[in-house]
Amino acid sequence: MSENDSVKFTSSSIKVSQSALFNPTSSPLLNFPLCCQTLASNLIKTRDLVSHLISSIKDKRLSSSILCSASLALEERDREPQSKALVQTSRLGRVDEERVLISEVLVRNKDGEELERKDLELEALAALKASRANSALTVKEVQEDVHRIIDSGYFSSCAPVAVDTRDGIRLVFQVEPNQEFQGLVCEGANVLPSKFLEDSFRDGYGKVVNIRRLEDVIDSINGWYRERGLFGMVTDVEILSGGILRLQVSEAVVNNVIIRFLDRRTGEPTTGKTKPETILRQLTTKKGQVYSLHQGKRDAETVLTMGIMEDVSILPQPAGDTGKVDLVMNVVERVSGGFSAGGGISSGITSGPLSGLIGSFAYSHRNVFGRNQKFNISLERGQIDSIFRINYIDPWIQGDDKRTSRSITIQNSRTPGTLVHGQPGNNSLTIGRVTAGLEFSRPLRPKWGGTAGIIFQRAGARDERGNPIIKDSYSSPLTASGNTYDDMLLAKFEGVYTGSGDHGSSVLVFSMEQGLPVLPEWLSFNRVNARARKGVEFGPLRFLLSLSGGHVVGNFSPHEAFAIGGTNSVRGYEEGAVGSGRSHFVGCGEISFPLMGPVEGALFADYGTDLGSGPTVPGDPAGARLKPGSGYGFGVGIRVDSPLGPLRLEYAFNDRQARRFHFGVGHRN
């Protein structure tokens, strides 16, 4: 018989007492960490009951087999005075104090015969401490050695028998070994891997069952549940005839998940605006699954990331006498909508009294129709910049099981055109864009996501008076069509890989846009972009390497060329001052280190190039402005954590012996 053939798994009804779960009278505001602590506490208590059961079984065997009345049974071959004195002393209750000289110590089976397995005899003899040949013993010392034999784990019973012989008192420990392990029946283990059980018992196959080893295996099984946050454990152990070991495992299965809305002021149950199915579909915990503390914690965090809840907690409760649990999720909703105002910095403006400052005003509703759908209207206005945007997002399309989201955006923007077509002493050239797009996004696999969409854009250049223009001051064209604006219909695809989500984690982004010439005057081109980032920690130091590159093929607007140089590109240069081309490559290496509190220091070096593609841009705007096409910069900086994100102040030198300060909010792109 192979080892695995003797292992059998069955599923049976699970009985979990109410005390092993949660008290239904617990506060409804019980938070999740407290729930975890309570479950863990009850799990330990139940485990101790199993240990107590095993101990009780051993004690019961002892009490039924050893001489607990403080007397030794003698098989008297000759009634000599020494034998009579021993019996009389026992009757007087002073055996514990009297010592008897033992001439020989033996281990035999319960019938007084030699054990078939000498290794078990040696195990029993090795367990003895006081009982030795030619030693004077008390009854108490003999009883302690009996306990030691039982505690060795190999024997189910042990009885000491004193035999008066010609050479003196012979002390015989009559033992009954446990059965040899021949197979396993495990009931109720629905999530415990069979391989884990097989590996746990494989070393004991064909060997005498050792109770101490069995306790270790049970602890490892219960530890498997604890490590994974699963509410399950071994509740019963029994050795059947034929050496078959039966394990009974109890697992708490989720009976139902209930959403309960609480008033954010009083904490009392109330009627919520969010549809319960919108919350339930976010949960990975489902009916019929074994309840997992870790999974429940992740579910609570997922609901919080929806952005419509102020607080989320999970309260497991026993589901009657079924041995299952009901999960009550208490949620406190945030205010659904409102107005907001703020400010920021634009990197496209490098001169003027209000250089780069922008203000914003927005209205947002984060829970449209109670389905977690988002609706935003925003206006951003700066010295030159302006963006008006209407955006609607459905983060999970109803009826879709792939977690596909939908986004509809309409936008009218005006941004500086100085990155590509800057003029000395005149930064008034702007690029106006009107766009409308529909995008769909979904997870592709763990840590991978994809986006596909269709976008229409009309773009053109304007002077300081807002009049449309088609050429800059160097007579370079500003549109590809020769009209005052370019129309394009873009098919977009983007794939994103993200590691842990931290700034230093690995990131890979690839995107492609294809211009579709539905009408003859619409632009046709293909643009690809790639960006990668990798962070490595060496003690307190963190090294960050980031690379980006792209290429455009076809007829595209000159102002859409890749601009190189600036705060998020090659530091030490002004925005777009290195060059602009159909192709580009930018690399950055940075070492950051803690200084004090939220302040970090940084050393960095950047390099960027247009790969010689500057002249291929219509009108060669980079060549007309004598941009080098490639360059590097290096310097030092500090980072300060703030509610707005990291505040970056950097001082950089470039390869043309120029130097400048850079200020930014947030991490580099």
Is there a donor-acceptor pair under 3.5 Å between the side chain of [X] and the backbone N or O of [Y]?
X	Y	answer
D486	A480	yes
E575	T567	yes
E310	R264	no
R582	G554	yes
Q295	T284	yes
E650	R571	no
R228	S292	no
D385	I358	no
R660	A652	no
T616	S613	yes

Are any non-hydrogen side-chain atoms of [X] and [Y] less than 4.5 angstrom apart?
X	Y	result
R334	I308	no
N391	S407	yes
K534	V536	yes
P646	H667	yes
P468	Y485	no
L489	I454	yes
T409	T435	no
F388	I410	no

Taking atom [atom1] as the centre, does [X] end up with more than 12 heavy-atom neighbours from other residues, nucleotides or ligands that are less than 6.0 angstrom away?
X	atom1	value
F369	CZ	no
K402	NZ	no
Q398	CD	no

For [Y], is there an ion pair with [X] - N to carboxylate O distance below 4.0 angstrom?
X	Y	answer
E277	K275	no
R639	E590	yes
D400	R406	no
R648	E600	no

Side-chain H-bond candidate by donor/acceptor type, [X] with [Y], under 3.5 Å:
X	Y	result
R433	T415	yes
T278	N372	no
S583	H551	yes

Practice problem: Return the orientation label for the F339 and Y363 ring planes: parallel under 30°, perpendicular over 60°, tilted otherwise. | Solution: tilted

Quiz item: Quick one: CE on M512 to CG on N529, what's the gap to the nearest 0.5 Å?
Solution: 12.0 Å

Self-check item: Straight-line distance of D472 CG to D463 CG, nearest 0.5 Å
Solution: 12.5 Å

Quiz item: Got a sec, which residues hit ring pair (Phe, Tyr, Trp, His ring centres under 6.0 Å) with H584, two or more places apart in sequence or on another chain?
Solution: F562

Exercise. Using ring pair (Phe, Tyr, Trp, His ring centres under 6.0 Å) as the criterion, list what pairs up with F634, not counting sequence neighbours.
Key: F653

Quiz item: Can the positive tip of R527 be found less than 6.0 Å from the middle of the six-membered ring of F556, inside 45° of the ring normal?
Solution: no

Quiz item: How about F375 and Y392: are their ring centroids closer than 6.0 Å?
Solution: no

Quiz item: Can you pull the side chain to side chain donor-acceptor pair (under 3.5 Å) pairs that have at least one residue in residues 447-462, sequence neighbours excluded?
Solution: S441-T451, Q457-E560, R458-D487

